[in-house]
Amino acid sequence: MGKKHASGEKEFLTTTCSYDCGARCLLQVSIKDNKVERILSKKVSNLHITACPKGLAQKDVLYAKDRLLQPLKRVGKRGSQDFEPISWAEAFDRIAHKINRAIEQYGTESIYYLVNTGSLSLLHNSRAATNRFFGMLGKCTTFWGNVSFEGAVQSSLATFGTLFTGSTRDNFLHSKLIILWGWDPNVTRFGSDTSYYLKKAKSTGAKILCVDPRKNHSCKDLAERWISIKPGTDTAMLVAMAYVMVAEGLYDKEFINKYTSGFEFFYNYLTGKEDGIIKDPNWAAGICGASSQDIIDIARLYATIKPAALATGWAPGRTAFGEQFHRASSVLAAMTGNIGNKGGFVSGGTDFVDLAMIDKKIPFPGTGHHMIHKTRIYDAIINKKALKYPQCKVLYVVGCNLLNQYLNLNKGIEALNQCDFTVVHDLFLTPTARFADIVLPVRHYLEQEDIGLPYIGGPYAIFMNKTVEPVHKAKSDLDIFTGLAEKMGLKGYNPKSNEEWMQHILEKNPDFPNLEELKSKDIYPFKVKRPWIAFSKNMANPSLRPFNTPSGKIEIFSTMFADMKDPLIPAIPRYIPSREGPEDRSVKDYPIQLISPHSKARINSQLYNIKKIKYLADDRIWINTADAAKRGIEDKDSVLIFNKRGKISAIAKVTDEIMEGVASLDQGQWYEILENNEYSSSVNILTLDEPSPAGAFPSNTCLVQIAKMKNQPM
Ligand SMILES: Nc1nc2c(c(=O)[nH]1)N[C@H]1C(S)=C(S)[C@@H](COP(=O)(O)OP(=O)(O)OC[C@H]3O[C@@H](n4cnc5c(=O)[nH]c(N)nc54)[C@H](O)[C@@H]3O)O[C@H]1N2
Ligand SMILES: Nc1nc2c(c(=O)[nH]1)N[C@H]1C(S)=C(S)[C@@H](COP(=O)(O)OP(=O)(O)OC[C@H]3O[C@@H](n4cnc5c(=O)[nH]c(N)nc54)[C@H](O)[C@@H]3O)O[C@H]1N2
Ligand SMILES: [Mo]
């Protein structure tokens with residue numbers, strides 16, 4: 001099947017997005033006179049991957065009036081939008097000069113670089129292109145900690161010895177019970193086919209429950225019951241569920257004996273043998289806000305309905321002790337025998353081991369950088385004591401709207417104001433780009449060839465056609481670094497053509513077809529037995545050491561964590577009360593726990609500037625009816641949300657679909673510098689830049705106060 005169908009003067013070409021929702025939907029693009037006319041979702045038989053409105057709105061991104069067309073140099077104040085166009089030659093000149101001078105005077109470690117989500121396609125992958133460049137430059141300073149799911153990463157490594165704990169989404173068709181725990185896939189996707197299979201599972205009789213501080217979209221669409229829970233207290237509830245299973249003899253002893261190690265330590269913790277505190281439902285109810293009867297009910301259901309999926313999202317892991325959430329839910333999956341089986345589910349990060357995004361892209365040399373946790377980026381730049389961190393002389397940011405998406409934004413402004421020289425690659429003049437000295441425009445994926453691979457769901461690959469010629473001077477990250485490397489005399493940065501790189505990437509992975517075959521098809525489904533289920537092989541053959549952990553078993557007692565000897569990273573999963581949680585003393589002044597979910601209308605902060613998609617946004621702050629009444633707040637009132645770190649404003653959505661004591665404001669609204677008592681709605685003005693002990697990015701741990709604005713806008 002060719003994919004270029006001529007019909008009159010129109011052409012149709014297929015591609016997919018390269019966004020960080022992880023889904024990859026087949027888009028059919030119609031083109032006339034080198035212009036994209038329309039984008040539609042293209043059906044594929046046997047795969048259920050209908051595109052979402054964000055993918056279908058890409059014409060508006062490609063032709064957005066504010067799209068960057070050429071390199072820019074800042075001429076106004078930092079944070080302003082005063083920039084002047086310059087040529088690529090001048091941009092490379094200036095950057096090369098600054099980098100060379102910083103290295104001469106302060107060493108390579110004074111070059112800080114940060115790359116985040118940007119493009120996640122395989123060829124023009126922002127991370128691979130950036131890491132390769134700075135890897136060749138020498139020992140620079142960069143950042144660790146996956147902002148999305150480091151809690152899950154650490155938990156999966158400790159418990160299972162691998163990151164790949166998922167299964168193909170058709171596995172839900174075998175689940176008789178599905179608990180959506182801090183998970184809203186009808187918004188966040190988690191694979192193009194996830195919503196389809198969840199809906200189908202429901203229609204064929206699966207019982208679906210939801211545990212979340214909010215009655216979220218998926219909860220409304222799918223669940224028969226919503227159990228509300230205070231953010232950051234999930235581990236207490238999970239632990240009490242484990243207690244019920246132990247007390248009532250409901251857990252799968254055979255599974256625990258055969259496949260796990262260290263259960264006795266967890267048992268002693270649950271029953272109070274260890275510390276005198278029995279972790280029963282009454283104990284947990286006092287912490288998490290769910291009733292003890294709800295905890296008992298859900299424990300009994302999960303222990304007795306088989307198979308069952310405790311389907312965990314990543315948001316509960318983005319809390320001050322986020323790793324404990326993923327660990328506790330992994331232990332419950334073991335206690336109910338729901339690992340490696342049809343219809344089970346294991347908490348974690350990525351899906352399909354052989355197709356993982358790791359090392360399947362452009363290789364990069366050098367891993368010897370100075371590493372700082374991502375939440376510490378501003379401290380490191382400000383570097384008041386100049387002790388712990390190398391001095392930052394150049395900050396190089398690729399595909400990251402740092403000054404919006406990272407925590408403690410006001411500290412971020414202070415830091416970026418202090419940077420000697422900042423470079424940003426982006427498609428738009430984002431809040432972060434406005435603080436840069438040089439901004440370099442990147443291409444949209446509709447303007448270049450590439451390979452798309454979902455990181456969850458599928459599995460399949462999509463050849464991404466170049467649908468139109470770029471109508472301006474933007475380059476891909478790879479081309480930008482190629483130009484800069486040439487200017488700086490870094491030999492061997494890009495020895496291959498794009499075509500050769502794609503061949504190289506495909507050859508490295510035995511599951512991929514060759515480039516010719518990939519190009520000849522709209523979509524290439526991988527040949528796997530469905531459902532593909534992580535650990536099914538380990539379960540089938542529990543011979544000597546089926547798991548890649550020190551004990552060879554699923555580690556309920558983690559040797560990896562025990563070796564750290566840090567009471568805040570305990571060897572068994574534990575509930576640990578956290579700062580800015582419901583048990584923190586600062587609730588006196590800031591009594592509301594604020595969470596910031598991902599928006600249906602955006603991918604993180606992307607698409608915020610695209611009008612066509614605004615209709616999907618819910619940018620009001622959800623506040624419970626009782627909390628609103630106490631503050632004299634009515635629906636649609638303007639409110640101020642504040643704590644010690646800053647102040648933002650938003651319109652109130654007064655509702656019982658969020659529990660009392662919790663508020664929710666979608667992340668990703670752009671920070672704007674405003675005057676005259678006007679406040680931006682960028683939620684990270686309020687969050688604290690402090691990682692969890694194992695390195696999670698705790699955006700959902702944040703206490704605030706909310707008040708009605710004195711002067712309501714007309
Ligand atoms: N439309 C859309 N899709 C996206 C993205 C996007 O921006 N927009 N971003 C993508 C990216 S980068 C990522 S990392 C994923 C994020 O995926 P997740 O982290 O799973 O998504 P969130 O929307 O943050 O939160 C999911 C649910 O968790 C709830 N929640 C928040 N805190 C807690 C808690 O402490 N406990 C419990 N039980 N529930 C809690 C929220 O109310 C929400 O309903 O989504 C990806 N998909
Ligand atoms: N409060 C709060 N904060 C959060 C979260 C939360 O739940 N709550 N979630 C966190 C999570 S999970 C994530 S992943 C982060 C995301 O944080 P970021 O990685 O900063 O995500 P985006 O806002 O999508 O910014 C990506 C930028 O890359 C640009 N871009 C797109 N394609 C390309 C390309 O090919 N090359 C280059 N150079 N740039 C490109 C886009 O225009 C955009 O400005 O936010 C985190 N921040
Ligand atoms: Mo993320």
Side-chain angles (χ1 to χ4, degrees), residues 18-23 52 54 61 68 114-121 124-126 129-130 146-149 180-190 210-219 227-234 237 288 312-319 322 325 374 397-407 409 424-428 430-433 440-445 448 456 476-478 480 593-609 616 622 658 662 664-668 670 682-684 686-687 697-702:
S18 58
Y19 286 117
D20 193 20
C21 61
C52 83
K54 297 187 288 300
V61 179
L68 299 175
L114 174 71
V115 51
N116 223 45
T117 56
S119 161
L120 293 174
S121 54
H124 294 291
N125 183 284
S126 301
T130 310
N146 187 308
V147 293
S148 310
F149 57 86
L180 306 170
W181 198 302
W183 198 40
D184 192 4
N186 285 3
V187 171
T188 52
R189 318 261 5 236
F190 277 75
C210 163
V211 181
D212 200 292
R214 300 183 307 153
K215 193 169 184 181
N216 66 30
H217 284 80
S218 310
C219 181
I227 294 150
S228 59
I229 185 166
K230 293 180 191 171
T233 66
D234 303 273
M237 176 155 165
C288 74
T312 49
W314 293 335
R318 287 198 305 280
T319 52
F325 163 72
K374 282 183 176 162
V397 181
V398 181
C400 182
N401 191 3
L402 173 66
L403 202 65
N404 206 69
Q405 296 306 107
Y406 280 31
L407 310 169
L409 207 152
V424 169
H425 296 189
D426 210 297
L427 286 101
F428 294 100
T430 61
T432 309
L440 301 178
V442 291
R443 283 189 183 167
H444 188 277
Y445 62 78
Q448 55 199 7
I456 290 183
S476 69
D477 294 312
L478 181 62
I480 295 175
Q593 288 187 268
L594 179 67
I595 56 172
S596 40
H598 292 230
S599 167
K600 195 164 194 178
R602 294 187 281 276
I603 297 295
N604 296 306
S605 71
Q606 295 183 74
L607 310 184
Y608 181 68
N609 54 335
L616 274 179
W622 294 31
I658 188 159
V662 184
S664 170
L665 180 63
D666 278 359
Q667 59 109 327
W670 284 20
S682 184
V683 71
N684 281 320
L686 302 169
T687 51
F697 186 88
S699 45
N700 287 320
T701 297
C702 180

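Whatever order the structure lists ligands and atoms in, that order sets their numbers, starting from 1. We use all heavy atoms of the structure for the numbers below, so side chains are in, but hydrogens, waters and symmetry mates are not.
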Heavy-atom distances under 4.0 Å decide this one: backbone, side chain, both or neither, for S126 against ligand 2? side chain
Yes or no: does H124 have any heavy atom under 4.0 Å from an atom of ligand 2? no
For H425, the atoms of ligand 2 under 4.0 Å from one of its heavy atoms are 37 (C), 38 (N), 39 (N)
Please determine whether any non-hydrogen atom of R602 lies less than 4.0 Å from an atom of ligand 1. yes
Sub-3.5 Å donor-acceptor pair from the side chain of T432 to the main-chain atoms of L402, do we have one? yes
Looking only at distances, can you tell me whether any N or O atom of D20, backbone or side chain, sits closer than 3.5 Å to an N or O atom of ligand 2? no
Return the residue, atom name and 0.1 Å-rounded distance of the protein heavy atom closest to atom 39 (N) of ligand 2. G399 CA, 3.3 Å
When you measure from atom 25 (O) of ligand 1 to every protein heavy atom, which one gives the shortest distance, and what is it? A315 CB, 3.1 Å
When you measure from the heavy atoms of S599 to every atom of ligand 1, does any distance fall below 4.0 Å? yes
May I ask you to identify the nearest protein heavy atom to atom 4 (C) of ligand 2, giving residue, atom name and distance to one decimal place in Å? Q405 O, 3.6 Å
N116 heavy atoms within 4.0 Å reach ligand 2 at atoms 16 (C), 17 (O), 18 (P), 19 (O)
Among protein heavy atoms, which lies nearest atom 30 (N) of ligand 2, and at what distance? L427 CD1, 3.7 Å
What protein heavy atom lies closest to atom 35 (O) of ligand 2? Include the residue and the distance to one decimal. S119 CB, 3.2 Å
Ligand 2 atoms nearer than 4.0 angstrom to some heavy atom of N684 are 1 (N), 2 (C), 3 (N)
Is it true that T117 and D20 share a donor-acceptor pair across their side chains at a distance under 3.5 Å? no
Element-labelled atoms of ligand 2 that are located less than 4.0 Å from some non-hydrogen atom of S596: 1 (N), 2 (C), 6 (C), 7 (O), 8 (N)
Side chains of Y608 and N404: is there a donor and an acceptor less than 3.5 Å apart? no
Element-labelled atoms of ligand 1 that are located less than 4.0 Å from some non-hydrogen atom of S148: 14 (S)
With a 4.0 Å cut-off on heavy atoms, is Q606 in contact with ligand 1? no
Any atom of ligand 1 sitting under 4.0 Å from a heavy atom of F190? yes
For D426, the atoms of ligand 2 under 4.0 Å from one of its heavy atoms are 27 (C), 28 (O), 29 (C), 41 (C), 42 (O), 43 (C), 44 (O)
I'd like the name of whichever of H598, H444, Q448 reaches closest to atom 9 (N) of ligand 2 through any heavy atom. H598
Out of curiosity, is F697 lining ligand 2, as in a heavy atom under 4.0 Å away? yes
Among all protein heavy atoms, pick out the one at the shortest distance from atom 20 (O) of ligand 2; state its residue, atom name and that distance to 0.1 Å. N401 N, 2.7 Å
Decide whether an N or O pair under 3.5 Å exists between T430 and ligand 2. no
